[in-house]
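Quick notes on the structure that follows.
In listed order, ligands and their atoms are each counted from 1.
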Amino acid sequence: MQIPFVDLQAQYRALKTEMDTAVLRVMQQCNFILGKEVGDFERAFAAYVGAKHCVGVASGLDALKLALEALGIGPGDEVIVPAHTFIASALAVSAVGARPVLVEVEEDSFNLDPKRLDAALTPRTKAVMPVHLYGQPADLDPILDFARRHGLRVVEDASQAHGARYRGRRVGTFGDAGCFSFYPGKNLGAYGDAGGLVTDDDALAERVRFLRNYGQEVKYKHVVKGYNLRLDTLQAAVLSVKLPHLDNWNARRLAHAAAYTHALEGVGDLKLPRVIYGDHVFHLYVIRTARRNALQNHLTERGIATVIHYPVPIHLQAAYADLGYPRGTFPTTERLADEILSLPMYAELTPEQQDYVVAAVKDFFR
Ligand SMILES: *Cc1c(COP(=O)(O)O)cnc(C)c1O
């Protein structure tokens, strides 16, 4: 048996008729740039998360970048970012000319540790970027409280947590802006790169709308120096077909996670993911073991695809040597990088596939 890490083809097969119709309609209309489908998706996604505005952009990284820029963050400023995240969180801060200040994560939630925020604060700190990693909300209450006490902006990186809730409310709606990636493999994914930003702030939404479209207020009237970072109309049509299925897909992910946890509890030295804050949407099911590399090889030999999210922490990447954090600065993050392994996870995962994965993991520790 071959088990892919995600199965986008299974999802396409389930949506084929609806999807083909939506994509063909855009091609027939040829209204490719900021066509009607973009506004339709923006309204639907804003309503889904419970925000006043959604602005569709070219990628998750661009959503983060534009949020920071529209909030006035730039050279000389610092933004607090968790040390254990996808590098895009930090790259967005660098892209606006500010400095990412990395902060250690909690070992059991994998998310930004609110207890370490005070030590990271300087007179240059302008914002905090909680990341809802793997689909689990970060512990937002103490993070928002810290931001309020110090007059900081909050930009949520919700790129792995479409639909996740904290205290009953969807993530992305707690900060000044919530940023989403619609990269194909995300819980809500386009057929190429795409992203979106949600906010309740009218002025912020308007600034991002200008910035993503050459700084234009109306055609050829440029009020700020902008970019070409628009959400593609074809991708918006794809996303609108998928959005009504998101809650159902997330529920199936949650059920698969529960099944993995039930079957793998107490096996070898495995540490299984814990649901600590709010409603997890299991973008990834990440296990830990001291024998990670051997386990990954064992699964590869049995046709099971796994991924390490992420094998080298940001502070040890060549691209961020300039931040000057030596090895040992973030011991939890560094240990996680050596021990984590993401098992196959997607809504369409069948019980037979999951049983095969579980049996292979158990066999390794026997
Ligand atoms: C995917 C992802 C991004 C970036 O999204 P792109 O659409 O690939 O630019 C940012 N942050 C996190 C945590 C992600 O997982």
### Message
For H309 together with F5, are the ring centres under 6.0 Å from each other?
### Response
yes

### Task
Answer side chain, backbone, both or neither: which part of D157 comes under 4.0 Å from ligand 1, heavy atoms only.
side chain

#### Entry: N/O separation below 3.5 Å, G60 to ligand 1
yes

### Query
Looking at V131, which atoms of ligand 1 are within less than 4.0 Å of one of its heavy atoms?
13 (C)

### Task
Considering only non-hydrogen protein atoms, determine which one is nearest to atom 15 (O) of ligand 1 and report residue, atom name and distance to 0.1 Å.
Q160 NE2, 2.8 Å

### Query
Do ligand 1 and S181 have nitrogen or oxygen atoms that lie under 3.5 Å from each other?
yes

### Message
Tell me whether I340 shares a hydrophobic cluster with F365, the cluster being built from Ile, Leu, Val, Met, Phe, Trp, Tyr side chains joined at under 4.5 Å.
### Response
yes

### Task
Using a strict cut-off of 4.0 Å, indicate which atoms of ligand 1 neighbour a heavy atom of L61.
4 (C), 5 (O), 6 (P), 9 (O)

### For atom 3 (C) of ligand 1, the option (of A190, G195, S159, P184) bearing the nearest heavy atom
S159

### Task
Classify the angle between the aromatic ring planes of F180 and F45 as parallel (below 30°), tilted (30 to 60°) or perpendicular (above 60°).
perpendicular

### Query
Are the aromatic ring centres of H256 and F282 under 6.0 angstrom apart?
no

#### Entry: Reported CG-to-CG distance for the pair L71 and L152, which is rounded to 0.5 angstrom
11.5 Å

### Query
For the residue pair F182 and F41, is the inter-centroid distance of their aromatic rings smaller than 6.0 Å?
yes

#### Entry: Protein contact to atom 14 (C) of ligand 1 [nearest heavy atom, distance to 0.1 Å]
K186 NZ, 3.2 Å

### Query
Under 4.0 Å from any heavy atom of S59, which atoms of ligand 1 are there?
7 (O), 9 (O)

### Query
Should the pair Y166 and Y277 be assigned to parallel (<30°), tilted (30 to 60°) or perpendicular (>60°) ring geometry?
tilted

### Message
For D62, which part has a heavy atom under 4.0 Å from ligand 1: side chain, backbone, both, or neither?
### Response
neither

#### Entry: Atoms in ligand 1 flagged as close to A88, the criterion being non-hydrogen separation under 4.0 Å
3 (C), 4 (C), 10 (C)

### Task
Could you tell me whether the side chain of H84 and the main chain of P313 form a donor-acceptor pair under 3.5 Å?
no

